[in-house]
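Beneath this line is the structure, given in structure tokens, with notes to follow.
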Amino acid sequence: MSEKTYAALVDRVKRKINSPAAQSENCTEIQRQPDDAAEDWSRLLSDLGTVENVTMVPLDDAAEHVRVRWNPTEAM
């Protein structure tokens, strides 16, 4: 795991979360890509799990496809 590969993963997920569709629905799905290191993916899920008002729902047994929901009104 390197900080460079983790930062690239975080940037990809941030773009997905900040997309207009995700922002209007307060929800998006993220999925581990073949070139994502398992350690980076685990760290990302762990980091997201510490964010208040964010709920993650695994969509597969390996948690490589996850629905992320957030409630912006509770965050205020």
Side-chain angles (χ1 to χ4, degrees):
M1 174 172 66
S2 78
E3 287 303 313
K4 185 176 181 179
T5 60
Y6 181 71
L9 173 60
V10 168
D11 286 344
R12 187 179 84 228
V13 170
K14 280 183 181 179
R15 283 192 306 274
K16 191 115 172 144
I17 290 171
N18 290 323
S19 72
Q23 287 298 302
S24 69
E25 297 174 14
N26 298 325
C27 177
T28 194
E29 292 181 10
I30 58 174
Q31 191 164 7
R32 181 175 173 224
Q33 300 300 304
D35 58 336
D36 293 332
E39 298 84 8
D40 289 343
W41 185 254
S42 294
R43 180 178 168 194
L44 174 76
L45 295 181
S46 177
D47 289 350
L48 280 173
T50 65
V51 179
E52 286 188 45
N53 305 311
V54 170
T55 304
M56 294 184 298
V57 178
L59 300 175
D60 65 1
D61 291 338
E64 292 190 352
H65 187 190
V66 178
R67 180 174 294 123
V68 181
R69 294 186 176 275
W70 57 92
N71 188 338
T73 56
E74 289 182 11
M76 294 182 172

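Numbers here are sequence positions counted from 1. Computed over heavy atoms, backbone and side chain alike; hydrogens, waters and symmetry mates excluded.
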Problem - Spacing of CG belonging to D47 relative to OG belonging to S42, to within rounding of 0.5 Å - result: 10.5 Å
Practice task
Give the cluster check for V51 versus W70: same hydrophobic cluster or not, with ILVMFWY residues linked at side-chain heavy-atom distances below 4.5 Å.
Solution key: yes
Fill in the blank from the handout: Those residues at least two apart in sequence (or on a different chain) that pass side-chain hydrogen bond (donor to acceptor under 3.5 Å, both in side chains) with Q31 are none
Practice task
May I have all residue pairs that pass salt bridge (charged side-chain N to carboxylate O under 4.0 Å, His left out) and include part of residues 57-66, sequence neighbours excluded?
Solution key: R32-E64
Handout entry: Shortest non-hydrogen contact from I17 toward A22
Key = O-CB, 3.5 Å
Handout entry: Contacts of W41 that satisfy side-chain hydrogen bond (donor to acceptor under 3.5 Å, both in side chains) - sequence neighbours left out
Key = none
Problem - Sequence neighbours excluded, every pair satisfying side chain to side chain donor-acceptor pair (under 3.5 Å) that has a member inside residues 15-24 - result: none
Completion exercise
Sorted by chain and residue number, the side chain to side chain contact (heavy atoms under 4.5 Å, CB included) partners of V10 (sequence neighbours excluded) come out as Y6, K14, L44
Exercise for the section: Test side-chain contact (heavy atoms from CB on, under 4.5 Å) on V54 and V68 and set out the steps. Expected result: CA-CA 7 Å; V54 170; V68 181; 3.8 Å; yes
Handout entry: Gap separating the CD atom of E29 from the CE atom of M56, nearest 0.5 angstrom
Key = 14.0 Å
Completion exercise
Applying salt bridge (charged side-chain N to carboxylate O under 4.0 Å, His left out) to R12 and not counting sequence neighbours gives D36
Problem - Residue from V13, L9, L59 passing side-chain contact (heavy atoms from CB on, under 4.5 Å) with I30 - result: V13
